[in-house]
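Heads up, the thing below is written out as structure tokens.
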2 protein chains.
Amino acid sequence: MSVARSDLHSLTTQLDLVFELSKDDRAAIEALPVRTKMVGERRDIIREGVVPTECCLLVSGMVCRYKMLSNGRRQILSFHFAGDLPDLQSLHLKTMDHSLATITESRLAFIPHDAVRKLIRARPSVADALMHHLLVDAAIYREWIANVGRRTALERVAHLICECFTRLHALGAARQATFELPLTQAEIGDATGLSNVHVNRTLKELRRLGLIATNGKVHAILDWEMLRDAAGFDPGYIHLRAKGSVASLG
Amino acid sequence: MSVARSDLHSLTTQLDLVFELSKDDRAAIEALPVRTKMVGERRDIIREGVVPTECCLLVSGMVCRYKMLSNGRRQILSFHFAGDLPDLQSLHLKTMDHSLATITESRLAFIPHDAVRKLIRARPSVADALMHHLLVDAAIYREWIANVGRRTALERVAHLICECFTRLHALGAARQATFELPLTQAEIGDATGLSNVHVNRTLKELRRLGLIATNGKVHAILDWEMLRDAAGFDPGYIHLRAKGSVASLG
DNA sequence: CGACAATTTGATCTGTCTCAACTATGGTGG
DNA sequence: CCACCATAGTTGAGACAGATCAAATTGTCG
């Protein structure tokens with residue numbers, strides 16, 4: 001565990017993607033007190049039921065939110081990348097209604113609730129940026145409800161790939177059509193409501209159709225237009241500033 | 001179309017359920033400029049793709065959010081009752097990524113974005129209350145992802161009934177175990193990711209098991225504990241102040 | 001090299017969908 | 001007040017997408 005203010009840079013960078021922040025705003029964010037920690041892959045960060053006193057900023061790596069159901073099954077609710085604040089809701093909702101866990105080894109920066117609250121009160125434009133972040137989260141939830149509720153297996157998996165690629169691309173983490181998505185097939189299943197076996201067959205089908213290529217955890221999108229169409233993917237719900245930036249892949 | 005400030009009372013009442021508002025806060029909310037409108041049942045209020053300039057407060061009735069997918073199917077994303085602000089996100093997300101429609105005939109109060117923004121800036125505790133409202137929305141989305149992703153048909157339908165009952169009960173709209181849920185079976189299907197035919201059979205099964213009784217749109221919960229167990233329902237995610245208030249039904 | 005996790009494949013089963021028909025139910029106009 | 005029509009609910013039969021179970025194969029890392 002260490003203290004490193006520069007870790008907050010990932011946050012300002014991300015917030016800047018959709019929101020204009022002043023120099024002062026950025027400075028105020030980067031002056032937040034943080035407690036930084038490395039967490040290994042596939043470890044719980046916060047468990048359902050606890051009452052957090054800090055927000056968690058993902059500096060690098062990948063994490064997910066999930067719920068365990070009474071029938072023993074697991075549902076992944078969202079994925080998060082560098083610069084995300086995957087439990088910002090804990091500022092207002094006392095008890096965690098879901099768990100947070102790492103996918104890959106991740107660097108996490110914990111920021112005391114009080115500090116975030118103070119910042120929000122002092123700087124309306126930061127409050128707006130955080131609000132925007134929360135609302136995009138909710139928009140992605142909505143799309144996921146539609147994904148698991150009304151799409152076929154092929155559409156679901158293709159849609160997940162499209163979404164992750166689009167978000168990573170917006171963050172600058174996926175420059176070409178080849179990008180790393182460090183998910184196991186079981187995790188893709190938990191995110192899309194499918195069995196791991198069927199995820200395997202669905203990926204195979206996507207490869208057979210020439211839409212993607214897979215080499216371990218690295219995925220290559222061979223035909224973005226076709227993949228988009230197969231998924232029924234429309235990036236509008238991610239509410240990025242620069243729309244259709246992915247379209248220029250060829 | 002008429003102007004009726006008292007329509008805002010439904011909002012302050014609802015916000016008060018989870019958040020302490022001062023007399024001044026309430027007065028400020030109830031002084032918001034509104035444009036009130038009655039809308040008949042099963043009509044669109046706002047469509048995907050538009051850029052709203054007002055927020056919509058549901059004064060009475062019931063509305064839903066939904067998405068139409070490219071495969072022609074519909075997914076309902078949430079249900080809303082009196083006092084809800086079902087498109088508060090439009091304050092920050094320019095373009096609607098889903099549509100809003102009535103279930104029953106509803107009274108809607110439209111409040112200009114500017115007025116809401118001004119109120120939020122002026123009154124931090126109102127901002128907190130609205131934020132809380134948004135975050136509970138998101139928490140319910142999370143539960144719905146799990147519902148359609150990892151629950152059986154019986155669990156899904158039972159869970160939807162549990163949720164609607166719990167929320168209506170918290171609003172004081174469902175005093176006894178009998179309550180009105182004015183949904184068609186096709187709508188229950190669009191909310192749970194099932195076909196209308198299978199919803200019909202699932203409701204029949206719930207009746208056969210002695211968990212509910214149905215008379216038209218009026219549902220009676222015959223055995224709350226059993227229904228809760230069948231659904232795997234845990235009301236924590238609704239983040240009500242008074243927990244387990246429903247448990248005292250017998 | 002050995003061990004454990006993840007992927008892949010086959011075979012079978014089943015929950016849910018689709019299609020189709022029939023039956024309430026409720027509203028409307030003659 | 002009844003005939004009519006549209007909408008919602010109900011039921012049956014058959015099909016199929018995806019689950020489950022089981023085993024083999026391929027990483028991958030100490």
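Every value quoted in this text rests on a predicted model; they were computed, and no experiment measured them. Below, chain A is the first sequence line, B the second, and so on; all start at residue 1.
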- Message: Angle between the two end axes of the helix from C/dC1-D/dG30 to C/dG30-D/dC1, five base pairs per end, rounded to 10 degrees?
- Response: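 If I round to tens, the end axes sit 40° apart.
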
Atom-to-atom span, [atom1] of [X] to [atom2] of [N] - whole angstrom:
{"X": "B/Lys217", "N": "C/dG26", "atom1": "NZ", "atom2": "C1'", "answer": "10 Å"}
{"X": "B/Gln185", "N": "C/dT25", "atom1": "CD", "atom2": "C1'", "answer": "13 Å"}
{"X": "B/Asp190", "N": "D/dA8", "atom1": "CG", "atom2": "C1'", "answer": "14 Å"}
{"X": "B/Ile188", "N": "C/dT16", "atom1": "CD1", "atom2": "P", "answer": "16 Å"}
{"X": "A/Ile103", "N": "C/dA5", "atom1": "CD1", "atom2": "C1'", "answer": "15 Å"}
{"X": "A/Leu183", "N": "C/dT7", "atom1": "CG", "atom2": "C1'", "answer": "15 Å"}
{"X": "A/Leu206", "N": "C/dT8", "atom1": "CG", "atom2": "C1'", "answer": "16 Å"}

- Query: Within the pair B/Lys204 and D/dG9, is there a side-chain N or O less than 4.0 Å away from OP1 or OP2?
  - Reply: no

- Short side-chain N/O contact to C/dT8 OP1/OP2 from A/Asn200, under 4.0 Å: yes

- Donor-acceptor pair between B/Ser78 and B/Arg65 side chains, under 3.5 angstrom: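 Yes, a side-chain donor-acceptor pair sits under 3.5 Å.
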
- Check B/Phe233 against B/Cys162 and note the closest heavy-atom contact, atom names and distance. CG-CB, 3.4 Å

- Note on the structure: Counting primed atoms, P, OP1 and OP2 as sugar-phosphate and everything else as base, the B/S/- map of nucleotides 13-30 of chain D against protein heavy atoms under 4.0 Å is B----BSBB---------

- Is the shortest heavy-atom distance from the side chain of B/His133 to the side chain of B/Asp84 under 4.5 Å?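 Counting from C-beta outward, B/His133 and B/Asp84 do come under 4.5 Å.
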
- Return the set of residues passing salt bridge (Lys or Arg N to Asp or Glu O under 4.0 Å) with B/Glu163 (not counting sequence neighbours), or none when no residue passes.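 Salt bridge (Lys or Arg N to Asp or Glu O under 4.0 Å) check on B/Glu163 returns B/Arg167.
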
- Which class fits the ring pair A/Trp144 and A/Phe79: parallel under 30°, tilted 30 to 60°, perpendicular over 60°? perpendicular

- Parallel, tilted or perpendicular: ring planes of A/Phe165 versus A/Trp224, cut at 30 and 60 degrees: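 If you compare the ring of A/Phe165 with that of A/Trp224, the planes turn out tilted.
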
- Item | Short N-O contact, A/Lys67 and B/Asp234, less than 4.0 angstrom | no

- Less than 4.0 Å between a side-chain N and a carboxylate O, is that true for A/Asp190 and B/Arg150?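 A salt bridge links B/Arg150 with A/Asp190.
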
- Message: Between A/Val63 and A/Thr102, does the side-chain contact (heavy atoms from CB on, under 4.5 Å) criterion hold? Intermediate values first, please.
- Response: CA-CA 4 Å; A/Val63 307; A/Thr102 57; 4.2 Å; yes

